[in-house]
*Asks:* 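Just passing along the structure, written as structure tokens.
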Amino acid sequence: MIFLPTLENIQNVLSALRKGEVIGLPTETVYGLAADATQDHAVAHIFEKKQRPSFNPLIIHGYSQDAFQGQVIWNDKADMLAQTFWPGPLTLVLQRSPSSSLSLLASAGLPSLAIRVPNHPVALNILHLFDGLLAAPSANLSGKVSPTQASHVEEDFPDLLIIEGGSTSIGLESTIVDLTGLSPLLLRPGGISREDIESIIGPLKTPSFSPIKAPGMMKSHYAPSLPLRLNVEAPLQGEAYLAFGPTPYEGPHILNLSQTKDLAEAAANFFKMLRFLDHPPFHGIAVAPIPLTRLGLALNDRLQRAAAPRAL
Ligand code: TXA
Ligand code: MG
């Protein structure tokens, strides 16, 4: 359902966001599927709605550069780009700060975060009043084109609370620049030209691999340091166990992704539980079978990658 950005409707949006619900948010690039970026469950609902068979890291939207204080580690180039192009269609990938309160699921377990300040009055108004950060991928089902009008969002998500923001002025996703390494990388061309960015921080490199199409292939992608065994009903001595649903096993080495076999709950818990178990004295992590339906597809995809032999 599409709602005009009246005071009353904005209040409804804010209370939906606080409850961990997902809404349709206009930005100047494309409409986003937005939820509270600090709530794992809210972020899991975004992935559930998108129906993507893998977890793609999401862009975190804030009201201003200050809104990201304590979430990422700034550097000079990032500072210059933010001051020049924000609010606007530029996303910066920076190291996640150890003090970050953002959901690990939102960044698909990566040690970095993608952040931006959108240049749209309705988005900025909502971010300002929400006084927090919103994770938002483009508001289309996986495999469909990005929406530039509220009605496009409604076609894919008829039950979603969508705020009307008119036709998006840019109509193309934000440009993504990765500033976590020695040289800045252009990860995705978009609403701000390469030339405009290079005029501020110098040459951008283009990665030879494609981190956008296959985020799981990214070198920096989180992989546990302990070996992983999948589809395990009974853990071995010395193994930590990530259960799914009722289990007879108990103890400090057992964590349950979801007692009730709720896949959204399992997705919300996944990255933090995996990190929690990924250390000695355990010498491996066994993971219970997870069904290949809904969010289980993305969970299994992530597990397969984490269990695969690693290139050095
Ligand atoms: O214009 C936009 O950027 C729109 C609006 C809604 O803000 N959002 C958007 O989100 O295009 P999405 O999820 O469709 O694309 C986000 C891209 C993904 O391809 C993802 O791989 C990349 O951002 N990304 C997110 N976090 C990343 C990270 N930590 N490192 C590298 N790439 C990242
Ligand atoms: Mg997209």
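Counting starts at 1 for both ligands and their atoms, in listed order.
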*Asks:* Based purely on interatomic distance, does T29 place a nitrogen or oxygen under 3.5 Å from a nitrogen or oxygen of ligand 1?
*Replies:*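 Such a contact does occur with ligand 1.
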*Asks:* Which atoms of ligand 1 have any heavy atom of L187 under 4.0 Å away?
*Replies:*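 With L187 as reference, the close atoms of ligand 1 come out as 31 (C), 32 (N).
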*Asks:* May I ask you to check whether E173 has an N/O atom sitting below 3.5 Å from an N/O atom of ligand 1?
*Replies:*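 No, there is no polar N/O contact under 3.5 Å.
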*Asks:* With distance as the sole test, does Q95 use its side chain to make a donor-acceptor pair with the main-chain N or O of V72 at under 3.5 Å?
*Replies:*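 No; judged by distance alone, with no hydrogens or angles, the pair does not exist.
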*Asks:* Out of all atoms in ligand 1, which are within 4.0 Å of some heavy atom of S174? Include the element for each.
*Replies:*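 Listed by number with element, the hits are 1 (O), 2 (C), 3 (O).
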*Asks:* Mark up the atoms of ligand 1 that fall under 4.0 Å of a heavy atom belonging to G32, in ascending order.
*Replies:*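 Those atoms are 6 (C).
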*Asks:* Distance-only, no hydrogens or angles: does the S54 side chain make a donor-acceptor pair with backbone N or O of A298 under 3.5 Å?
*Replies:*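 A pair under 3.5 Å: no.
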*Asks:* Which of the atoms of ligand 1 are close to P137, meaning less than 4.0 Å from one of its heavy atoms?
*Replies:*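 Numbered from 1, ligand 1 contributes 10 (O), 12 (P), 13 (O).
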*Asks:* Judged by modelled atom types alone, do T168 and Q149 share a side-chain donor-acceptor pair under 3.5 Å?
*Replies:*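 Their side chains do not contain a donor-acceptor pair, so the 3.5 Å distance test is not met.
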*Asks:* N/O of T27 under 3.5 Å from N/O of ligand 1, yes or no?
*Replies:*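 No; every N/O pair is 3.5 Å or more apart.
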*Asks:* For the pair Q304 (side chain) and D301 (backbone), establish whether a donor and an acceptor sit closer than 3.5 Å, ignoring hydrogens and angles.
*Replies:*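 No.
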*Asks:* Go through ligand 1 atom by atom and flag the ones less than 4.0 Å from a non-hydrogen atom of S138.
*Replies:*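 This gives 8 (N), 9 (C), 10 (O), 12 (P), 14 (O) as the contact atoms.
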*Asks:* Can K272 and D40 be counted as an ion pair, charged N to O under 4.0 angstrom?
*Replies:*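 D40 and K272: salt-bridged.
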*Asks:* Would you mind running through ligand 1 and noting each atom that sits below 4.0 Å from a heavy atom of S112?
*Replies:*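 Taking each heavy atom of S112 in turn, ligand 1 has 28 (C), 29 (N), 30 (N) under 4.0 Å.
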*Asks:* Is atom CD of Q83 surrounded by more than 12 heavy atoms (other residues, nucleotides or ligands) closer than 6.0 Å?
*Replies:*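 Yes - once you tally the heavy atoms of other residues, nucleotides and ligands closer than 6.0 Å, there are more than 12.
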*Asks:* With a cut-off of 2.8 Å, does S138 put an N/O/S atom close enough to the Mg ion (ligand 2)?
*Replies:*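 It does; at least one qualifying atom falls short of 2.8 Å.
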*Asks:* Please check if F68 and V93 belong to a single hydrophobic cluster, counting links between Ile, Leu, Val, Met, Phe, Trp and Tyr side chain heavy atoms closer than 4.5 Å.
*Replies:*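 F68 does not cluster with V93.
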*Asks:* Heavy-atom distances under 4.0 Å decide this one: backbone, side chain, both or neither, for N56 against ligand 1?
*Replies:*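 Only the side chain of N56 comes within reach of ligand 1.
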*Asks:* Which atoms of ligand 1 are found less than 4.0 Å from any heavy atom of I176?
*Replies:*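 This gives 17 (C), 22 (C), 23 (O) as the contact atoms.
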*Asks:* For ligand 1, which atoms sit closer than 4.0 Å to a heavy atom of L110?
*Replies:*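 So the atoms of ligand 1 that pass are 28 (C), 29 (N), 30 (N).
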*Asks:* Have T175 and R188 got a donor and an acceptor in their side chains that come within less than 3.5 Å?
*Replies:*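 Distance-only check fails for T175 and R188.
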*Asks:* Between E28 and R116, does at least one N-O distance fall below 4.0 Å, as a salt bridge requires?
*Replies:*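 R116 and E28: salt-bridged.
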